[in-house]
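Because the structure is a prediction, the values reported are computed rather than measured. Naming: A, B, ... by sequence-line order, numbering from 1 per chain.
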Amino acid sequence: MLDRKQLRTDLDSIVEKLRTKNFEFDTSLFNQLEDQRKSLQIQTQNLQNKKNLQSKAIGKAKGKGDDIQSLLDSVSDLASQLKVAEIDLNALQNSLDDLLLGVPNIPHESVPDGDTEDDNLIVLIWGDKPEFDFQVQDHIDLGRHHNGLDFEIAARISGSRFVTMTGPLATMHRALIQFMINYHSQHHGYTETYVPYLVNEAALIGTGQLPRFKEDLFHIDSKNHNLYLIPTAEVPVTNLVADSILDAGQLPIKYVAHTPCFRAEAGSYGRDTRGMIRQHQFEKVELVQIVKPDESMQALEDLTGHAEKILQLLRLPYRKVILCGGDLGFASTKTYDLEVWLPGQDAYREISSCSNMLDFQARRMKARWRNPDTGKPELVHTLNGSGLAIGRTLIAIMENYQRKDGSIDIPDILHPFMNGITKIQS
RNA sequence: GGAGAGCUGGCUGAGCGGCCGAAAGCGGCGGUCUUGAAAACCGUUGAGGGGCAACCCUCCGGGGGUUCGAAUCCCUCGCUCUCCGCCA
């Protein structure tokens, strides 16, 4: 959520910046609601003040044993006036909240203009694409070849966009999780965390998935529960600091967590329907940082570097792009996508997305720190990034490490987690 | 699932329907004393919002109600704890 004070004083330039994110802010509605709010709030508070003073006077008079009937008469219609004003004000505040909860974050000045992913800025290309002297298989063929990935059985059990894994491929999938969590906690200073996979509406509003992106979520609506399956660990992990005032000495906070992620993929019919690229359920190791405001842009560079390190250790070719304004996520001010090379698709595909949210999420979830310079609670900045998406990492290894006979080498760095297996034989 | 107890500021914890945004202690900050530190003493210290300002408003788990007036009474929801049952 954007700062209401800033919107009041600096509306035009904010509206301009939001246009680079293809968002048209309804200024006339905002100004109209804001004008009404101002007069109604002043009126309501005046009535409250009057009521408070009169009630206190009654208390005093009663204490002295004076007759209070005349005072009671004079206050009688105040209460009804106040009630009306309060109801109106409340409705108005809710309208303003509804409006502002749907407004995205402002892109950082270093974010390139553009509408689609074609306008993203490539800032780094790492590693050499493998050269094959045979017909390259994609992960679907390889998975079938090894009886390791099965989309048909998964479809029978659960429907489309699910997969089952069996044998060494399932082991490597698990190994990737262990490797990534270990590496980030041992070498990058992250604290390992375990969090719920079902969360309530408040948590999702806090990180920005609600109210606008409800259709992307799986909803559990039973008699006693109103919960959502998490679309990313970002939701429960970032909300660890919701409604808190942190000491300066606690920052930065760096969490790493592995969770499954669940996405309805409502808007992606027909996209990536084959294979493991886009599933309703997938695993991800997530990095989250809670930092002081003046440190968040540097923290984004660091966090992205931590995700890159995993790709480098796995020797997977990738490129790093800055998302353009039109491709930028709702809550983010700047996002780096890491795109891994997939020989089977002859394309780079997203495997990590690292974003700085500034105070956008912190304001929604009331996450603050006490600034020693001012002595006052101020909003923290939040960041998150995949470090990495596990399923996509698995298929990147399958496709990049495949051999002519269909066997798949296992990256050296994973060997300690593979029960002695160094190669998946054909 | 059954029975009971509770939820108050950074923490512990008091609080008769009006003098309560809230005692006291701890912690924090500033100071006195000290070579320095500790101790002691003095002062100070909740959050959010409105208003150009003076100043005002809201908040005692969430929501609703009673009342001129609610931290305090009533209803409801949530959460925590204890005991019993069941269970990975």
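Within the 3.5 Å criterion, the main-chain N or O of A:Val241 finds a donor-acceptor partner in the side chain of A:Ser244.
Between A:Lys51 and A:Asn46, it is A:Asn46 whose nearest contact on RNA chain B lies nearer the 5' terminus. For the pair A:Lys60 and A:Leu53, nearest-nucleotide mapping onto RNA chain B gives the more 5' position to A:Lys60.
Going from atom CG of A:Leu47 over to atom P of B:U58 covers 11 Å, rounded to whole Å. Straight-line distance from the NZ atom of A:Lys56 to the P atom of B:A70: 12 Å, rounded to whole Å. The distance between atom CD of A:Glu86 and atom C1' of B:G65, rounded to the nearest whole Å, is 14 Å. Taking atom CG on A:Asp373 and atom C1' on B:G30, their separation rounds to 16 Å, with Å as the unit. What separates NZ of A:Lys83 from C1' of B:G64 is a distance of 10 Å, to the nearest Å. Atom-to-atom, CD of A:Glu201 to P of B:G62 comes out at 19 Å; the value is rounded to the nearest Å. We find that CD of A:Gln48 is positioned 12 Å from P of B:G69, with the value rounded to whole Å. Atom P of nucleotide B:C59 and atom CG of A:Asn90 are separated by 12 Å, given to the nearest angstrom.
Nucleotides B:G43 and B:U35 are separated by 26 Å at their C1' atoms, to the nearest Å. Here the separation of B:U72 from B:C20, taken at their C1' atoms, is 11 Å to the nearest Å. Separation of the C1' atoms belonging to B:A71 and B:G18 is 13 Å when rounded to the nearest angstrom. Taking atom C1' in both B:C87 and B:G49, the straight-line distance is 49 Å, to the nearest Å. Spacing of P atoms, B:A38 relative to B:C73, comes out at 45 Å, to the nearest Å. Using P as the reference atom, B:G9 and B:G62 are 10 Å apart when rounded to the nearest Å. For B:C60 and B:U12, the C1' atoms lie 16 Å apart once the distance is rounded to whole Å. Taking atom C1' in both B:G4 and B:U66, one finds a spacing of 28 Å when rounded to whole Å.
Under the 4.0 Å criterion applied to side-chain N and carboxylate O atoms, A:Arg19 and A:Glu24 are assigned as salt-bridge partners.
Side chains of A:His306 and A:Tyr190: a donor on one and an acceptor on the other come within 3.5 Å. Counted by atom type alone, A:Ser355 and A:Lys334 present zero donor-acceptor pairs between their side chains at under 3.5 Å. Between the side chains of A:Lys254 and A:Thr191, no donor-acceptor pair is found at a separation under 3.5 Å. Using modelled atom types and a 3.5 Å distance limit, the side chains of A:Asn120 and A:Asp327 yield a donor-acceptor pair. For the residue pair A:Glu286/A:Tyr255, the side-chain donor-acceptor check at 3.5 Å is not satisfied.
B:C11: Watson-Crick or G-U partner is B:G25, with both key distances under 3.5 Å. Figure legend. B:U58 is base-paired to B:A47; pairs are counted as Watson-Crick or G-U wobble with both atom distances under 3.5 Å. Across all strands shown, B:A88 remains unpaired; no Watson-Crick or G-U wobble contact has both distances below 3.5 Å. With a 3.5 Å ceiling on both atom-pair distances, B:A53 lacks any Watson-Crick or G-U wobble partner. Pairing for B:C83 is with B:G2, a Watson-Crick or G-U wobble pair whose two hydrogen-bonding atom distances lie under 3.5 Å. Across all strands shown, B:C68 is found opposite B:G18 as a Watson-Crick or G-U wobble partner, with both distances under 3.5 Å. Using the Watson-Crick or G-U wobble rule with both distances under 3.5 Å, B:U34 pairs with nothing in any strand shown.
Residues meeting the side chain to side chain contact (heavy atoms under 4.5 Å, CB included) test with A:His415, sequence neighbours left out: A:Ile410, A:Asp412, A:Thr422.
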**Asked** Does the pair A:Phe330 and A:Phe360 meet the rule for a ring-ring contact (aromatic ring centres under 6.0 Å, His included), with working shown?
**Response** CA-CA 10 Å; A:Phe330 178 72; A:Phe360 186 86; 5.5 Å; yes
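Residue A:Asn49 places none of its side-chain N or O atoms closer than 4.0 Å to OP1 or OP2 of B:C56. Distances shown here put a side-chain N or O of A:Asn52 below 4.0 Å from the OP1 or OP2 atom of B:U58.
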Each nucleotide of nucleotides 47-53 of chain B classed B (base within 4.0 Å of a protein heavy atom), S (only sugar-phosphate) or -, in 5' to 3' order, makes SSBSS--
